[in-house]
2 protein chains.
Amino acid sequence: MPALSPIQPFGRLMAMSTAGERGTRERILEVAEDFLGERGYDGTRLHLIAQRVGIQKASLFHYFPSKEELYRAVVADSLGETEHIVRRVLEADLNPFDKVRQLLEAYVDIVAAHPQRTKILLRQSLGDVPSGYEPHVDSHRLLDAVVAFVTEYQRRHVFASIDALALVLGVIGMVAFLFTSAPVLGTAWDGDPLGARGVERVKRHVVEVVQRCLAVEAQPYATAAVRAVGGGD
Amino acid sequence: MPALSPIQPFGRLMAMSTAGERGTRERILEVAEDFLGERGYDGTRLHLIAQRVGIQKASLFHYFPSKEELYRAVVADSLGETEHIVRRVLEADLNPFDKVRQLLEAYVDIVAAHPQRTKILLRQSLGDVPSGYEPHVDSHRLLDAVVAFVTEYQRRHVFASIDALALVLGVIGMVAFLFTSAPVLGTAWDGDPLGARGVERVKRHVVEVVQRCLAVEAQPYATAAVRAVGGGD
DNA sequence: GTCTATATAGGGATAGAC
DNA sequence: GTCTATCCCTATATAGAC
């Protein structure tokens with residue numbers, strides 16, 4: 001039988017059994033990710049995971065010692081891929097505004113491709129984790145890297161001096177909420193936000209917002225603009 | 001756990017029992033709001049609510065027929081106050097940019113004053129509701145009203161023609177995430193985001209972001225807005 | 001209206017055969 | 001590695017005394 005490493009950075013890609021079939025363990029992770037995103041940790045029922053995978057509930061415990069360990073495995077998996085992709089863009093050789101664009105587009109793509117993961121991370125920030133679970137330091141590292149990138153170009157006056165940490169955190173929340181809320185709140189949203197057109201729409205919007213926020217020289221427009229147009233009715 | 005807000009919105013004021021003392025029912029709602037925000041619907045334990053209120057678990061069922069009904073009562077309460085405040089600003093007689101500012105400041109204040117409510121609403125958008133629960137139409141109405149306000153001034157070319165629905169939804173997500181994530185993710189965030197300074201920081205940031213987004217002629221790389229100001233009228 | 005005691009269900013986890 | 005059967009606990013909810 002194949003060696004199943006307990007921790008798998010991008011495990012799903014390579015942890016195939018020698019028999020060539022797709023690992024049951026990987027299938028469990030997929031299904032669990034779905035349920036954890038959709039229903040949260042407390043709302044996730046192991047027997048439903050087993051049912052969808054097509055095994056008995058007890059068999060789950062052959063692969064994961066507990067519900068909490070299953071949760072940790074799912075989270076580690078999710079974070080790993082996101083970090084990998086974001087870092088690659090971050091380290092690319094691009095001019096800063098293009099890098100911002102690519103960073104955002106890549107991020108939106110990830111979120112759109114794995115909405116359940118995003119929900120899990122959102123839930124984490126809400127404190128929806130197994131009791132006694134401490135949030136990952138990994139995500140901090142990634143966050144810090146992005147903030148550092150922004151700050152560096154602010155120092156050089158290429159980006160406007162907007163609150164960098166707030167901007168980055170805000171964008172994460174913005175993207176996450178756009179995708180998760182649209183099915184519920186967005187009656188006016190045209191079509192499925194996770195569909196091709198929806199993703200493009202989110203992408204376009206987020207890029208525009210952030211580029212406006214980072215554009216230098218665009219500060220005192222607020223009241224000025226409205227007066228210029230003669231607004232205020 | 002932090003003390004709960006002394007402010008009593010709407011229903012809680014009048015739903016006194018004939019016994020005449022300060023409503024136990026209201027106290028239950030307060031505590032339940034706390035737990036529902038902090039732990040989610042599935043994660044909320046009735047016996048803990050009872051414990052904190054200082055009654056027996058069974059007594060809860062004297063006031064609410066079920067956990068789900070308790071949840072509905074909490075949500076109705078929360079939504080009511082938010083809608084009331086936002087609408088008041090929305091209908092005020094202000095120039096559009098000032099209205100945007102006040103709208104945002106009021107919203108941030110509400111969220112900061114009742115972080116648990118925000119979490120509950122965020123959780124709703126994640127689908128974290130009692131099974132068989134259908135999301136509120138009320139919030140749609142409010143959302144539509146805000147979007148209509150933005151759209152109207154876009155039509156008049158006072159606001160830039162950015163995706164209005166995405167902007168509004170995005171801001172909601174942004175604010176919510178800033179408050180909920182900072183305790184978890186924001187190691188670099190200076191102090192408690194829900195403290196006075198944290199709230200001001202969020203407020204300042206959100207106002208800046210949105211005003212940049214709505215400013216006409218402030219395309220990335222462009223300096224049109226600055227020229228407009230510099231040139232005077 | 002609040003309590004004690006209990007009913008009932010369901011969930012996570014284990015034992016052990018195959 | 002997967003199954004059946006079951007343990008054990010906790011959670012919602014009810015019954016009924018005071």
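We use all heavy atoms of the structure for the numbers below, so side chains are in, but hydrogens, waters and symmetry mates are not. Quick note on labels: first sequence line is chain A, next is B, and so on, each numbered from 1.
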Rounded interatomic separation in angstrom, taking [atom1] from [X] and [atom2] from [N]:
{"X": "B:Ile28", "N": "C:dT2", "atom1": "CD1", "atom2": "C1'", "result": "11 Å"}
{"X": "A:His62", "N": "C:dG16", "atom1": "NE2", "atom2": "P", "result": "18 Å"}
{"X": "B:Phe61", "N": "D:dA13", "atom1": "CZ", "atom2": "P", "result": "5 Å"}
{"X": "A:Asp42", "N": "D:dT10", "atom1": "CG", "atom2": "C1'", "result": "13 Å"}
{"X": "A:Tyr63", "N": "D:dT2", "atom1": "OH", "atom2": "C1'", "result": "8 Å"}
{"X": "B:Arg45", "N": "D:dA13", "atom1": "CZ", "atom2": "P", "result": "12 Å"}
{"X": "A:Glu69", "N": "C:dG12", "atom1": "CD", "atom2": "C1'", "result": "14 Å"}
{"X": "B:Leu46", "N": "C:dT8", "atom1": "CG", "atom2": "P", "result": "20 Å"}

Pairing of [X] and [Y] as salt bridge, 4.0 angstrom limit:
{"X": "A:Arg27", "Y": "A:Glu30", "answer": "yes"}
{"X": "A:Glu105", "Y": "A:Arg101", "answer": "yes"}
{"X": "B:Glu200", "Y": "B:Arg204", "answer": "no"}

* Checking A:Lys203 side chain against A:Asp109 main chain: does a donor-acceptor pair fall under 3.5 Å? ->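 No, A:Lys203 side chain to A:Asp109 backbone: no donor-acceptor pair under 3.5 Å.
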* Would you check if the side chain of B:Lys67 reaches a backbone N or O of B:Thr44 as a donor-acceptor pair within less than 3.5 Å? => yes
* To do: Choose from C:dG1, C:dG11, D:dA11 the nucleotide whose nearest atom is closest to any side-chain atom of A:His47.
  => C:dG11
* **DNA chain C contacts among residues 51-60 of chain A, heavy-atom distance under 4.0 Å** =>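 The stretch gives A:Lys57, A:Ala58 as the residues lying under 4.0 Å from the strand, ordered by number.
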* **N or O in side chain of B:Thr44 less than 4.0 angstrom from D:dA11 OP1/OP2** =>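 Indeed not, no polar side-chain atom of B:Thr44 lies that close.
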* To do: Hey, could you give me each pair passing ring pair (Phe, Tyr, Trp, His ring centres under 6.0 Å) that has a residue in residues 24-49 of chain A? Not counting sequence neighbours.
  =>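 Listed by first then second residue: A:Tyr41-A:Tyr71.
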